[in-house]
Amino acid sequence: MAVTDAPRIVTARLDHADSYTLERYLATGGYDGLRKALSMTPASVAAEVDAASLLGRGGAGFPAGRKWSMLKKDPVTYLVVNGDESEPATFKDHLLIERDPHQILEGVIISAYALQVTQAFIYIRGEFALGLERMEEALNDAYRHGAVGEDIFGSGFSLDIVIHPGAGAYICGEETALLESLEGKRGFPRIKPPFFPAVIGLYGQPTVVNNVETMANIPWIVTNGGAAFAALGEGRSTGTRLFALAGHVRNPGPYEVEMVKTTFRDLIYAPSLGGGVREDRELKAFVPGGVSAPWFGPKQLDMPLGQDEVGAAGSMLGSGSVVVMDETTCAVRASWRITKFFFRESCGQCTPCREGSGWLERIMYRIEHGGGREQDLDLLMDVCDNISPGVTWPPQQTTICVLGPSIPPSIAAAISMFRDEFLVHIKDGECPYD
Amino acid sequence: MSHFNTTNATRARQLIALYPEPRSALLPLCHLAQEQDGWLRPEAMAEIAELVGVTAAEVRGTATFYDMLHTEPIGRYLVSVCTNIACILDGATELLSHAEARLGVRVGATTADGLFTLEEAECLADCDHPPCVQVNHRFVRTTTTEKFDELIDELKGGGRAEEIPPHGTLVRIRRNGGLRVEPQRIERERARAASSAERAG
Amino acid sequence: MTDQASLPTTHPDTDETVTFTLDGRPATARPGELLISAAERAGVYIPRFCYHPRMEPVGMCRMCLVEVSGPRGATLQPACFIPAEAGSEVVTNSNKVKKAQDGVLEFLLVNHPLDCPVCDKGGECPLQDQTLAYGPGESRFVEEKRHFEKPIAISDLVLLDRERCIQCARCTRFAEEIAGEAQIDFAGRGELVEVATFPTEPFSSYFSGNTVQICPVGALTATPYRFTARPWDLDQVESTCTTCALGCRVAVQSSANRLTRLLGLDSEPVNHGWLCDKGRFSFEAVNGDEVSAGPALGNGQPVTLGSGRPRGQFAGEVAETASQVGRITEPMVRDGDRHVRVSWNEALSEAASRLDAVREAHGPESIAFIGGGRLTNEGAYAWTKLAKGVIGTDSVDAQLGDGLPAELVLSLPRATIDEACSAPVVVLLSGDVREELPVLFLRLRRAALDKKISLIELSLRSTSLTRYAEVSLTLRPGDSPAFARALVGPNPSVPTHPAGGSFAREDLERARALIAGAAHGGPEGTGVVLLYGRPSLAEDGAVTAAAVATLATAWPGARFLPLLRRGNVHGALDMGMAPGVLPGRSSLEHGHAWFSDHWGSAPESRGRDTTEALRSVVEGGQGATRALVLLGADPLEDFPDRSLATRALEAAEVVIAVAGHPGPALDHADVVLPVAVSHERPGTTTNIEGRVTRLGQKLVPPGLAWPDWTIASVLSDELGYDLAIGTVSDIAEEIERVAPAYRGFAPAFLDQVSGHDGLVVPLGAASMHTVEPIDPMATPGVESVERQGAPPRVGLTEGLSRELLAALHPDDDAEGAPPLLRRSAPAAVSIPPPDHYSLRLVSTRRLYDHGAGVVASPSLAALTPPLSALANPSDLARLGIGPGDRVRVSSPRGELTLLAEGDSGVPKGVLVIEFNVSDPDQPADNAVASLIDASAVVNEVRLESL
Ligand SMILES: Cc1cc2nc3c(=O)[nH]c(=O)nc-3n(C[C@H](O)[C@H](O)[C@H](O)COP(=O)(O)O)c2cc1C
Ligand code: SF4
Ligand code: FES
């Protein structure tokens with residue numbers, strides 16, 4: 001079904017209706033990777049992950065192997081897994097959590113072993129009620145199975161895993177906010193430097209934070225070797241990646257495809273994937289990697305799905321969410337809605353983000369609803385500039401975390417790609433798409 | 001006198017025991033309180049404060065940061081309609097207006113019979129089924145106005161009880177595995193890891 | 001003669017520095033120093049809001065962004081959050097930085113209501129100031145602003161206007177980090193983040209006023225100041241708060257001869273900028289125009305004065321009963337059962353002739369002077385000179401039976417507050433520091449939390465420091481001497497008779513180990529600071545004195561910090577206001593010759609302390625005390641034994657009261673002399689560590705009130721002796737000349753910028769601190785012309801005058817001055833065995849009680865909690881008393897009825913009733929003082945259900 005014949009790494013089991021059960025997991029090679037890992041030294045497990053060049057799947061795309069090697073050696077260290085998935089139009093972690101929780105657990109246990117961490121936390125977005133139940137059930141089964149807990153599979157290695165429910169705040173996906181939240185506080189991100197989790201993380205101890213999809217790749221990498229993973233894809237972007245395709249396509253859904261070898265055009269148009277724009281309309285623009293990313297237009301359709309390739313073109317693969325907008329889409333409304341999201345989700349800690357997001361949202365709302373003024377476009381850009389100096393890519397910031405600089409890209413993209421549309425809104429005093 | 005009932009008081013203690021520091025259990029305990037009372041009553045927050053060793057103001061301050069924690073009463077069913085980018089591209093605005101009309105309340109309000117609270121949600125990560133709707137944080141995949149009406153009728157008639165339990169996402173979660181690893185054991189592991197790291201380094 | 005290198009300083013500027021580049025020029029920082037402060041010392045002021053030098057930075061407001069070079073090139077970083085790193089390049093003045101800062105300021109104003117004309121902060125608002133300095137001219141924001149309900153009361157004292165809040169978290173951080181009570185916290189998220197209390201729990205902190213002071217906008221306001229003045233109408237002097245004896249530095253502000261506000265000044269050795277709410281708001285009592293109907297004031301009913309004395313011949317107007325007015329502003333004399341207003345001349349000659357008559361008939365020791373803790377050092381000296389030098393009585397006592405033997409306090413080697421907050425081991429034997437010396441609690445709490453000290457607490461009930469103590473031992477009244485012996489004795493045996501004493505052998509051993517570990521081979525007690533006060537007013541001070549003496553003997557290496565709490569009691573004791581001592585911490589024995597020389601005469605024998613004097617009046621007979629001079633003191637309120645005080649005042653032949661505020665004792669006064677109070681007279685004060693600071697005069701005393709020393713001087717004239725003091729500085733110079741502990745102390749030094757934090761006497765014993773200039777952002781509202789203009793750091797040598805440097809090593813035997821007091825063993829006390837049918841009474845102090853400062857301050861008066869009897873729950877259960885039951889507490893002295901409450905912090909066998917608090921529903925004498933027998937070593941009471 002994929003456009004290349006790369007194996008499905010994280011979604012292999014999902015065709016089974018009972019993919020989330022321990023029975024199905026064990027029947028499909030589950031926990032073999034863990035057994036293999038436990039027979040290796042922790043360092044050689046880490047070396048495989050490093051060799052795989054597994055880029056983090058949470059958004060920043062930092063290589064997992066590198067991150068692990070930066071963990072400060074202290075008596076107490078933690079592994080924290082980020083299953084808070086809240087980036088708009090991103091729904092791949094949701095899928096993995098509900099449909100294949102054991103795969104995540106196995107990845108966590110192997111990673112903990114490689115890192116010699118004896119306490120791991122999996123932070124699951126609170127709104128995933130079913131996902132939390134499935135995950136916890138899987139954990140219970142894994143304890144019963146001897147895959148977690150004391151003396152795992154007789155190896156002498158012990159690990160405790162705690163599944164922690166979020167309670168509804170996008171910012172808690174940001175790793176330092178997540179740690180605060182896990183400590184029972186409000187999700188105010190910490191300032192980096194000095195609060196790099198690998199040095200000062202959970203409870204002030206060195207901590208590795210990885211995304212659940214990142215974890216889900218680990219069992220396969222250990223079973224098949226880092227080299228096999230690295231053989232897929234190209235350059236730094238190895239392996240497959242799970243993309244969440246949404247918006248105006250015939251078949252929205254999560255698709256695991258080989259990196260770089262697949263393009264946005266494949267993802268959107270291949271019959272086995274997106275199946276093309278709905279009703280064969282014209283593609284107007286698409287969001288290539290979560291709403292924090294600058295938009296792309298039809299010209300970028302042949303861009304390969306590679307982290308560095310998309311980066312060089314001025315955007316990012318980010319959270320792996322692709323949102324397709326067809327010609328009936330109002331660019332002002334779309335970017336207003338994205339701005340409104342950031343406004344509602346700003347943690348409120350730092351001034352530019354707290355106040356700037358609301359200001360931008362109010363201006364965008366005004367324009368969309370017929371109250372725009374010509375000077376608003378310059379004002380929008382200048383306010384954006386005060387949050388993210390230069391409004392460049394990759395963004396600079398006056399804020400503590402990168403939620404702030406995530407606000408300008410959609411506004412800046414909409415204005416630069418569809419300036420006329422803004423002007424029509426302003427001139428007519430109403431939205432032409434209404 | 002504990003505000004938590006006996007079962008929940010026990011669960012509260014178990015939740016606290018999961019973490020190295022009690023305060024970490026603050027959010028789980030808030031979920032637990034909502035499961036018991038439907039919302040976060042002041043008495044519950046005061047008790048959580050005592051359990052985890054912070055002030056009541058800190059519990060309330062922390063809880064109000066999170067959308068899922070309600071310091072005011074809400075209806076038996078919290079109906080969340082996502083209007084974020086993927087859903088707004090596919091009928092979310094219309095569905096939300098319909099929901100307002102059907103339930104006869106504005107976004108944020110609770111129906112007079114106390115059954116429904118309507119909420120405009122941010123992306124719920126089910127974007128391939130737009131517009132996305134949750135009831136008490138269970139995905140209902142009710143993407144058309146007709147299906148929405150059917151759902152409401154069903155809920156009014158007491159239907160879907162199994163699929164949509166009360167508030168509090170921990171309702172059906174029990175950690176059977178328990179704390180398999182004794183904290184002392186973890187400590188020993190850590191010490192061992194540390195000394196082996198020392199030897200290696 | 002002066003060896004500069006030997007001058008001690010607690011703030012050694014380490015030689016270690018890091019060098020970085022600041023705006024293209026080299027600059028240095030101390031290791032770990034934040035950029036914002038390193039830049040400030042280098043003369044570059046980086047704008048800021050959330051940063052406060054006394055709290056952990058949070059880097060939230062983003063106003064202080066500067067460009068810092070790093071691995072990924074120059075990025076904008078918060079200067080308040082990141083330390084200056086060696087070799088880094090920091091740019092504070094680029095266009096990028098300016099744009100970022102302008103942007104932040106504009107963002108802050110987006111939702112700000114801009115209601116400056118009606119805002120208390122208008123005119124002294126950092127947001128307003130920075131907007132003028134850095135901000136855009138015109139608002140580009142045309143949208144609807146965020147709205148919140150306008151000010152909401154978050155406590156009895158503090159109002160919150162959430163629309164003005166800029167979310168800097170200064171207040172919430174203060175509550176959590178400094179005060180340790182997070183009764184306020186941020187609630188909500190994003191633009192709707194607001195400061196909030198828990199619905200059922202107000203922001204009832206003793207320290208709430210600090211949040212108002214450090215709020216950089218007008219979001220937090222205090223009811224006593226709200227709308228009373230505009231900043232530009234305010235006049236200010238720097239002074240020292242004398243509400244308690246800690247000596248916090250304050251800016252006192254007034255408008256039109258009324259106090260409007262007190263702000264904490266940042267004094268490195270003492271208060272770090274903080275004040276308690278009592279110190280901050282009890283200025284209302286000085287204004288004194290609102291009469292509170294507190295129980296001690298007779299509820300405005302006409303009071304018949306103690307009868308039985310002949311009506312005099314005074315023709316003056318009948319005055320309101322002295323106990324009924326807000327302030328005492330005119331001299332009065334008794335005329336039968338009423339007071340009449342008279343002129344100073346009449347009042348003084350009446351006082352003089354009455355005193356003369358008693359002295360003539362019964363000798364000088366028949367006159368006793370009680371009080372003095374409210375006087376200035378100069379006032380205290382003048383009255384001592386009058387009493388001991390002119391009249392010749394040694395019965396002078398600044399303590400009202402609620403303190404400790406002066407000779408012990410004055411003779412122990414003194415620790416500074418800084419030492420008490422940095423010594424390896426701090427042993428606390430006192431009441432609750434938070435109730436008695438509140439800001440010291442803040443400092444000790446932080447020191448314990450920051451692991452700078454290990455706290456060992458010995459107390460009669462758990463206190464607010466208990467949770468920060470490494471070892472906390474709860475004793476019962478009378479136990480402490482035995483316990484002290486166990487602590488230092490050769491084999492640690494838990495003393496046997498504390499039947500209910502709730503400490504375990506392990507605790508005792510842990511305490512011993514900590515103490516032993518601190519010595520590091522030095523003499524015993526090295527590294528230990530003992531903080532000692534009066535743990536209970538129902539236990540004789542001799543008990544604590546005996547325990548302290550035991551410890552002091554065993555610990556030659558230790559230092560001692562006395563926690564006597566009343567205003568200037570330490571200054572008064574230093575000026576000789578206690579029996580057996582003379583000014584400058586010399587003993588009557590050794591100082592007699594010297595002071596006879598200087599004064600013309602000095603007492604021949606040791607006099608009576610307050611308890612002895614009162615008892616003597618009652619007992620009468622040959623040589624008894626017959627006349628009482630009350631110096632700003634009211635034995636009916638302050639003395640632990642109400643019955644003895646009442647009988648003594650009734651029996652006294654002559655009562656002269658020097659008073660600023662009304663009080664029940666005035667009803668017994670034959671002559672009432674109105675005295676200026678805090679903020680109404682200049683002078684100096686001495687705090688617990690012996691730090692002498694300047695008191696500023698902000699107001700003209702009301703009515704005919706005179707400064708304390710003037711009254712002494714003129715009264716002396718009336719008695720036919722010239723005190724030879726014409727001005728405050730005359731007295732200060734004389735103190736320097738004759739009082740050994742104050743030798744070399746040049747008061748003029750206090751007027752220099754570097755002298756604002758004062759000096760510890762005797763000189764040379766403690767360090768000089770660097771006086772930092774005031775950051776207007778840290779303390780908005782402080783008009784600091786003097787200090788803002790100061791050079792960034794005033795060093796030791798610059799700060800001290802040459803004479804002073806010379807005097808730091810005074811020639812000891814010069815001019816034959818007496819030596820400083822040496823310790824002599826206090827009289828032994830014998831502790832009666834516990835009576836198993838009774839509970840041992842403990843009476844502790846509360847910050848808000850029925851003292852004049854609280855009762856006469858309308859904003860504070862309501863904060864005094866109702867009185868209850870606290871006992872260990874198991875005792876209540878044993879006696880069949882439920883919590884909240886009404887009970888009768890009786891002692892041989894009397895009985896009272898109140899509510900009982902269980903408190904597991906109270907040891908078994910003990911009943912706690914707080915001092916000078918009464919039940920508003922009960923008669924005024926329903927207070928614990930009516931149970932206490934001041935002559936008993938411990939007081940036993942019976943408890944029964946009603
Ligand atoms: C505002 C914001 C939201 C984020 N949300 C998520 C999230 O929901 N899930 C996630 O895995 N990472 C999220 N991230 C990225 C995390 O901070 C972090 O980089 C990631 O969890 C690391 O895992 P990885 O290295 O495996 O990708 C977010 C980052 C930001 C700034
Ligand atoms: S950028 Fe926004 S979300 Fe991030 S810390 Fe600042 S206010 Fe919070
Ligand atoms: S961020 Fe530095 S002063 Fe606020």
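Naming: A, B, ... by sequence-line order, numbering from 1 per chain.
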Worksheet entry | Which atoms of A/Phe342 approach chain C - backbone, side chain, both or neither, heavy atom under 4.5 Å | neither

Item to complete: For the residue pair A/Phe188 and C/Val58, establish whether any side-chain heavy-atom pair is separated by less than 4.5 Å.
Response: no

Worksheet item: Closest heavy-atom contact between C/Leu76 and A/Pro389?
Response: CD1-CG, 3.7 Å

Worksheet item: Looking only at heavy atoms, which two atoms of C/Val104 and A/Pro352 are closest? And how far apart?
Response: CG2-CG, 4.1 Å

Discussion item. What part of C/Phe186 gets within 4.5 angstrom of chain A, counting heavy atoms only: side chain, backbone, both, or neither?
Written reply: both

Response to the item:
Honestly, the part of C/Ile166 sitting under 4.5 Å from a heavy atom of chain A is backbone

Donor-acceptor pairs under 3.5 Å, chain A to chain C, main chain and side chains both?
unit_1   : atom_1 : unit_2   : atom_2 : d
A/Gly168 : O      : C/Arg189 : NH1    : 3.2
A/Arg186 : NH2    : C/Asp185 : OD1    : 2.5
A/Arg186 : NH2    : C/Asp185 : OD2    : 2.7
A/Arg186 : NH2    : C/Phe186 : O      : 3.1
A/Arg344 : O      : C/Arg189 : NE     : 3.4
A/Arg344 : O      : C/Arg189 : NH2    : 3.0
A/Glu345 : OE1    : C/Arg189 : NH2    : 3.3
A/Ser346 : O      : C/Gly190 : N      : 3.2
A/Cys347 : O      : C/Gly190 : N      : 3.0
A/Thr351 : OG1    : C/Cys61  : O      : 2.9
A/Glu355 : OE1    : C/Asn111 : ND2    : 2.7
A/Arg362 : NE     : C/Glu144 : O      : 3.3
A/Arg362 : NH1    : C/Glu191 : OE2    : 2.8
A/Arg362 : NH2    : C/Glu191 : OE1    : 2.8
A/Arg366 : NE     : C/Glu143 : OE1    : 2.9
A/Arg366 : NE     : C/Glu143 : OE2    : 3.3
A/Arg366 : NH2    : C/Glu143 : OE2    : 2.8
A/Asp382 : OD1    : C/Lys99  : NZ     : 3.0
A/Asp382 : OD2    : C/Arg140 : NH1    : 3.0
A/Asp382 : OD2    : C/Arg140 : NH2    : 2.7
A/Asp385 : OD2    : C/Lys99  : NZ     : 2.6
A/Asn386 : OD1    : C/Lys99  : NZ     : 2.7
A/Gln396 : OE1    : C/Lys96  : NZ     : 2.7
A/Thr398 : O      : C/Arg62  : NE     : 2.9
A/Thr399 : O      : C/Arg62  : NH2    : 3.0

Worksheet entry | Proximal component of A/Ile363, with respect to chain C [non-hydrogen, under 4.5 Å] | both

Fill in: Interface residue of largest heavy-atom contact number with chain A, from C/Cys61, C/Pro83, C/Cys50, C/Pro78, under 4.5 Å
C/Cys61

Worksheet item: Heavy atoms, side chains only, cut-off 4.5 Å: are A/Pro194 and C/Phe81 in contact?
Response: yes

Worksheet item: Which members of residues 200-208 of chain A, sorted by number, sit under 4.5 angstrom from chain C on a heavy-atom basis?
Response: none

Worksheet entry | Which portion of C/Leu65 sits near chain A, non-hydrogen atoms under 4.5 angstrom | side chain

